[in-house]
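Below is one structure, written out as structure tokens; comments come after it.
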Amino acid sequence: MTTEPVLQAKTAGVPPGEASTGLSLAELKHLYRTMVRTRALDERGMNLQRQGRIAFYVPSTGQEAAHIGSAFALRADDWVFPSYREPGIALLRGAPVRELVLQLYGRDLGRTRGRQMPNHFAFADLHLVSISSPIGTQIVQATGCAMAMRARGRDQVAMTWFGDGATSSNDFHVGLNFAGVYRAPVVFFCQNNGWAITLPVDRQTASTTLAVKAKAYGLPGVRVDGNDVRAVVTAARDAVDRARAGGGPTLIEAVTYRMGPHSTSDDPRRYRTEAECETWARRDPLERLRHDLEGQGAWTQAQEDEVRAAARDEVNTAVAEAEAAPSPDPRDLFEEVYAELPWNLEEQRRGLLRPGGE
Amino acid sequence: MATLNLLQAVNDALFTEMRRDERVVVFGEDVARAGGVFRTTDGLLKEFGEARVFDTPLAESGIIGIGVGMALYGLRPVAEIQFLDFIYPGFDQIVNEAAKMRYRSGGQFTCPMVIRAPYGGGIRGGHYHSQSTEAYFAHTSGLKVVIPSTPADAKGLLAASIRDPDPVIFLEPKHLYRSARGEVPEGEHVEPLGRARLVRRGEHVTLVAWGAMVPVCERSAEEAATEGVQVEVLDLRSLVPLDVDALLASVARTGRLVVVHEAARTAGFGAEVSALVAERAIEYLEAPIYRVTGYDTPFPFALENDYLPTPARVLDAVRQAVRY
């Protein structure tokens with residue numbers, strides 16, 4: 001992998017076969033299934049919000065190859081610091097869809113306990129760190145986590161995900177700078193989806209690419225076609241292997257596209273053209289991987305139908321369960337602010353639970 | 001027991017806790033090779049090596065942000081911010097990240113870290129080396145805010161903060177770094193958080209203070225005694241968690257309260273102390289609650305001594321309370 005950014009993202013599929021990426025057919029199929037499951041969750045999540053059944057949703061449609069392919073390069077004991085637009089990482093690492101859907105409903109009593117907006121997951125057993133809304137904060141945290149891994153003599157790696165907008169944030173610069181100085185085993189995975197809510201990437205930075213920003217911090221920066229899962233896995237594996245071997249951090253810019261809105265709270269028709277959306281719809285990463293598999297004679301319509309139906313069923317079952325699940329108990333409001341309940345919270349809890357409040 | 005000043009006591013606590021727990025790491029600007037601009041981290045690099053004691057690039061959000069990541073992973077980071085006045089680039093990582101990690105993850109992730117910062121005036125440091133902005137942090141759920149005023153407490157409270165399962169803002173009154181001297185227990189010494197220290201008993205007025213205002217209040221109390229007024233001085237030591245029982249008990253004894261802090265008056269922590277007493281102990285009050293504080297201005301350079309509460313200003317408030 002070159003340390004120079006490639007200026008033009010590769011948009012054609014790579015040649016078929018395993019040799020080009022080292023991905024077996026079974027692995028490609030697993031990636032495809034995970035991408036389909038993520039898409040199914042996404043479509044349902046958007047609808048649930050439109051129906052007023054959940055408060056909010058952040059779609060990842062169009063970015064499945066980028067975020068799932070990159071996470072595929074990691075081991076189970078590596079740590080992941082996603083943003084709110086990468087639900088497929090949780091699915092890939094083994095989170096049941098029901099847990100994600102319960103979170104969308106604020107009813108994931110064994111997890112975030114309804115304490116955060118939809119899409120702000122946390123799975124300690126998957127080393128998937130609690131997701132924040134402020135942009136970029138996880139970048140410097142991933143660096144710190146990676147420094148701790150090295151300090152403890154472990155061969156784990158941390159990977160963090162963020163969008164093109166985050167490359168303007170304080171924590172992007174600080175996180176890359178610290179990682180460069182300490183050669184921390186961290187991979188910075190930027191999903192350049194073209195838009196930070198309404199702002200196009202060419203108004204986000206005057207830089208020719210986002211990957212080139214790595215240069216200023218003394219790290220390799222690579223640019224990859226984020227809708228080509230093979231290319232993503234290859235770039236991510238290269239960076240992860242280098243980090244694990246003590247070669248330090250890498251910035252990867254995956255060029256992709258946010259096919260939906262930023263969230264259920266905005267309308268992309270107000271800031272981008274139909275033509276642009278159509279162009280990128282033709283580059284849909286799911287379609288591309290499916291064509292790839294079909295081209296190898298490894299995928300049939302029956303398999304396609306089965307995978308899609310299974311993904312839909314899985315989400316439907318999860319939705320039914322979440323709708324019947326209890327919301328948090330009011331007394332839960334006061335728990336886990338601190339390890340121990342201080343007197344003021346204890347008193348406020350008693351007030352809440354007493355009819356008439358204070 | 002050894003006689004130490006406050007910065008030696010901080011140093012002693014860091015040595016003791018680092019020897020006790022190999023997860024404790026210390027970092028910040030100029031803390032390793034130079035041992036800190038005030039020398040609170042002197043000698044740590046030599047004993048513990050650069051994996052556990054290291055200098056950082058100049059970015060407070062980075063210092064605190066990597067601390068959050070390290071704490072998530074299981075280390076016990078002790079991050080130094082060179083002056084409290086410089087902490088704001090890291091404010092987001094403190095109030096939105098470290099402080100909220102336990103709650104927002106449903107207890108799956110925690111952030112046991114200490115952020116140390118010298119704070120307060122009296123060193124001719126101007127606006128950017130003198131402020132007391134503890135109230136910002138005390139207002140934030142999920143944080144603890146600890147402020148020692150004696151060497152023994154500096155050691156004991158810092159040890160307790162490092163062992164605490166939640167993030168702690170540990171503010172060191174830099175004006176007292178060398179002037180405060182006292183007996184400090186050798187070896188491990190832990191002073192539990194959330195307990196005020198009764199500095200001096202008195203029956204007429206309660207003075208509540210923290211940090212560098214504690215010795216100011218002690219001098220006022222001595223002066224008041226010559227006028228026949230017995231002043232009680234309560235050092236809160238931690239604003240969060242707050243020892244409300246000690247506060248109310250003292251006011252119940254004296255019937256009069258003067259709160260003293262360096263920070264600007266409006267929405268300062270003195271307002272919280274006053275409100276708690278007004279809500280819970282108004283029947284004991286024989287006078288209004290008075291506040292002696294910094295002014296609602298930026299911290300001045302040339303007029304520092306006019307800005308900071310003095311024993312004379314505190315004594316005026318004590319007299320007002322007694323005469324009311």
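Within every chain, numbering begins at 1; the chains are lettered A, B, ... in the order of the sequence lines, protein sequences first and strands thereafter. This is a predicted model, so every value here is computed, not measured.
Counting heavy atoms from C-beta outward, Asp245(B) and Trp343(A) have side chains that stay 4.5 Å or more apart. You'll find the side chain of Gln141(A) reaches within 4.5 Å of the side chain of Glu97(B), heavy atoms only. Looking only at side-chain heavy atoms (C-beta outward), Ser141(B) and Val337(A) come within less than 4.5 Å of each other. Here the side chains of Phe178(A) and Ser61(B) are not in contact, with every heavy-atom distance at 4.5 Å or above.
Using modelled atom types, one side-chain atom of Tyr338(A) and one backbone atom of Gly142(B) make a donor-acceptor pair closer than 3.5 Å.
Listed options Thr56(B), Asn96(B), Ile66(B), Val25(B) were ranked by heavy-atom pairs under 4.5 angstrom with chain A; first place goes to Ile66(B). Heavy-atom pairs under 4.5 Å with chain B peak, among Ala179(A), Ser133(A), Ser132(A), Ala184(A), at Ser132(A). Chain B forms the most heavy-atom pairs under 4.5 Å with one residue out of Thr143(A), Val129(A), Asn177(A), and that residue is Val129(A). Interface remark: of the candidates Asp108(A), Leu128(A), Asp125(A), Leu128(A) forms the most heavy-atom pairs closer than 4.5 Å to chain B. Heavy-atom pairs under 4.5 Å with chain B were tallied for Arg111(A), Gln138(A), Glu340(A); the largest tally goes to Arg111(A). Between chain B and the options Val181(A), Leu345(A), Asp332(A), Asn170(A), heavy-atom pairs under 4.5 Å are most frequent for Asn170(A).
For the side chain to side chain donor-acceptor pair (under 3.5 Å) with Tyr73(B), the qualifying choice from His127(A), Arg152(A), Gln156(A) is Gln156(A), the only one to do so.
Residue Pro57(B) touches chain A through both its backbone and its side chain, counting heavy-atom pairs closer than 4.5 Å. Contact annotation for Leu276(B): only side-chain heavy atoms (C-beta onward) come within less than 4.5 Å of a heavy atom of chain A. Proximity to chain B (any heavy atom under 4.5 Å) is restricted, for Ile131(A), to the backbone atoms N, CA, C and O. No part of Ala142(A) comes within reach of chain B, as not one of its non-hydrogen atoms sits under 4.5 angstrom from that chain. Of the two parts of Glu347(A), only the side chain, counted from C-beta on, holds a non-hydrogen atom closer than 4.5 Å to a non-hydrogen atom of chain B. Using a 4.5 Å cut-off between heavy atoms, Phe81(A) contacts chain B through its side chain alone, with no backbone atom that close. Both the backbone and the side chain of Val140(A) come within less than 4.5 Å of a heavy atom of chain B. For chain A, the nearby part of Leu75(B) is the side chain; its heavy atoms alone come within less than 4.5 Å.
For OH of Tyr88(B), the number of neighbouring non-hydrogen atoms (other residues, nucleotides, ligands) closer than 6.0 Å is greater than 12. More than 12 heavy atoms of other shown residues, nucleotides or ligands fall within 6.0 angstrom of atom CZ in Phe83(B). By the neighbour-count criterion of 12 heavy atoms within 6.0 Å, atom CZ of Arg349(A) is densely surrounded, having more than that number from other residues, nucleotides or ligands. Counting heavy-atom neighbours within 6.0 Å of Glu47(B) CD, excluding the residue itself, gives a total above 12. For OH of Tyr284(B), the number of neighbouring non-hydrogen atoms (other residues, nucleotides, ligands) closer than 6.0 Å is 12 at most. Within 6.0 Å of the CZ atom in Arg19(B), the count of heavy atoms belonging to other residues, nucleotides or ligands exceeds 12. A 6.0 Å sphere centred on CZ of Arg280(B) holds more than 12 heavy atoms belonging to other residues, nucleotides or ligands.
Here the closest heavy-atom approach between residue Arg104(B) and residue Ser130(A) is recorded as NE-OG, 2.6 Å. Annotation for Ala122(A) and Gln108(B): closest pair O-NE2, 2.9 Å, computed over non-hydrogen atoms. Shown here for Ala51(B) and Ala151(A), the closest heavy-atom pair between the two residues is O-CB, 4.2 Å. Glu336(A) approaches Gly107(B) most closely through the heavy-atom pair OE1-N, 3.5 Å.
Note that CD1 of Ile135(A) is 10.5 Å distant from CG of Asp92(B), once rounded to the nearest 0.5 Å.
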